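Here the structure comes first, spelled out in structure tokens, and everything after it is commentary.
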Amino acid sequence: MTAAVSAPVDHPWGRFALRRFGRLLVSVWVLVTAAFGMIHLIPGDPVRGALGPTASQELVEARRAALGLDQPLWQQYLDYLRGLFTGDLGVSMNSGMPVADILGDRLPATVELAVLAFALAVLVSVPLGLAFAVLTRGGRRRPLELGFTSTSVVLAAIPEFLLAVALVWIFSVNLGWVPVAGRDGPSSYVLPVVALALAPAAILARIVRVETLTVLRADYIRTARAKRLPSRTVYFRHALPNALTAAITLGGLLLGALVAGTVLVENVFAWPGLGSTIVSSILAKDYPVVQGVVLVYGVGVLVVNLVVDVALALLDPRSTIREG
Amino acid sequence: MRELRFDGVSVRFGSRGHRVTAVDGVDLTVPAGSVVGLVGESGSGKSTLARAAVGLVPLSAGRVTLDGAPVPTRGRRPLQMVFQDPYSSLNPRMTIGATIAEAVPRGTDRRAEVARLLALVDLPDRMTRYPAELSGGQRQRVAIARALAGRPEVLIADEITSALDVSIQGAVLNLIRDLQRTLDLTILFISHDLAVVRYVSDTIAVMYRGRIVEHGPADTVLADPQDPYTRELLASTEGRSR
């Protein structure tokens, strides 16, 4: 064990990764505590709220006891933490199903959506940003540049749910190419994935273009041209790797935002994922489920950020220093 | 071994109404196998003249020839340039071996050629290093090896020591002198520093406001300067070294 830990510590990157992982644990603890506190900060009695004003006092008391809400606060907190470590996230107030089962049921659909949308955004934006950088370098083709920047800023500014509704109206209602909603076969993925991917793709393409423009002005690009390398070697081998560092940082942040975007998009498309679950359980005041979904979303975003930071430290050792 | 010749070369920037003449009718010959030092203050047009020779800026008038023929724009480049800043002229994401290998002409054993070039600039066994792992002087040697990879007959060195510490300048200058002798290169050596130019050059040309104001054997120009600007330049250098 000691040997396994001390080996990466010798390397600055290993030290950074360990320290960064420690920070993740602290963040997760804060998240867990906030999720726990949520149920107690909500005005009124959550059990009474869930069961409705007509429920008998005995029933409310019995449910409170079942949920452990009659225990002292610290006892509840410890029970909650113990539950997390054993995979017990409580039971749904409405269906009586364990929250862990509900999450396990819904998580894959959301992950699929987020991963596909992110992959689409990257696959579209990197070549697009590079191409527009090459076409508009050194003040060339001003009208094209104006067209690109204005189109991308508009696409990035449209909220996902509005875009989703517009896509449904055009491609499902009027053209009938793809299903309106639901998760049934490959064609049902098209609209939710596009609705989620469009804004991040537009932002990422802008960043890739600007970064590539900066790199194309660098002296080592002049050196590469002095070697009379073919243009594609100059762009793909010399410019692109240097332009992608900033794009990776931003890509990580966008992936986090994209996870949040699934909440809205899933509800428009009645997608059976965590996003539609959290909204329906909030409306039903099913707090254990809400807590569970909040935890999953939170941990998801934290882990994505960790992965991006650690990957970036590998690519660009300077970022480990900035951590201080 | 080739002769580099500038005939009535002018370079103008900007458009009507706001026009700057950076190089103004320069005639200069760099004889085959010799080193011509080009000195002048910042903005005198030295670097623009060099960039015009390799085609990085277009000529407004005149021509640049190698042994009487125009500098070829395709295929192998008999004319190579080493740039001023060794920190920014190497791709930070490529090993120096890969950077040099790219400049080696096709059809040669690239690995062996890179090793030979690195040995030539006194940097053996550094093939797998990244530029960030090297010092400024070492990077400038890599830049020189990169330029030599194209098997040029004429080398243009544009302020190659001005970004380096004084102690490292000497080593790079010695390297340039040795390379010039062993490879029999024709070199146009550009610097604002008269002491540096004096050390490597056979003849010295002084540039001032886009024109060559004085040109002659190094000893003559330094011992008996004719142009008032050269005298001023010389006086400032001596004042500094004292």
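Both backbone and side-chain heavy atoms feed into the values below; hydrogens, waters and symmetry mates do not. Just so we're clear, the structure is a prediction, and the values are computed from it rather than from any experiment. Letters A, B, ... are given to chains in the order of the sequence lines, protein chains preceding strands, and every chain is numbered from 1.
- Side-chain atoms of B/H192 and B/E41 include no donor-acceptor pair closer than 3.5 Å.
- Using modelled atom types and a 3.5 Å distance limit, the side chains of A/E266 and A/T110 yield a donor-acceptor pair.
- In this structure, A/R209 fails the cation-pi test against A/F148, since its NZ or CZ atom is not both closer than 6.0 Å to the six-membered ring centre and inside 45 degrees of the ring normal.
- Considering only heavy-atom pairs separated by less than 4.5 Å from chain A, the leading option among B/T99, B/D85, B/V54 is B/T99.
- The most heavy-atom pairs under 4.5 Å with chain B, out of A/L229, A/I221, A/V215, come from A/L229.
- Looking at A/R237, both its backbone and its side chain come within 4.5 Å of chain B, counting heavy atoms on both sides.
- Taking the centre and axis of the six-membered ring of B/Y130, the NZ or CZ atom of B/R93 falls outside the cone set by 45° and 6.0 Å.
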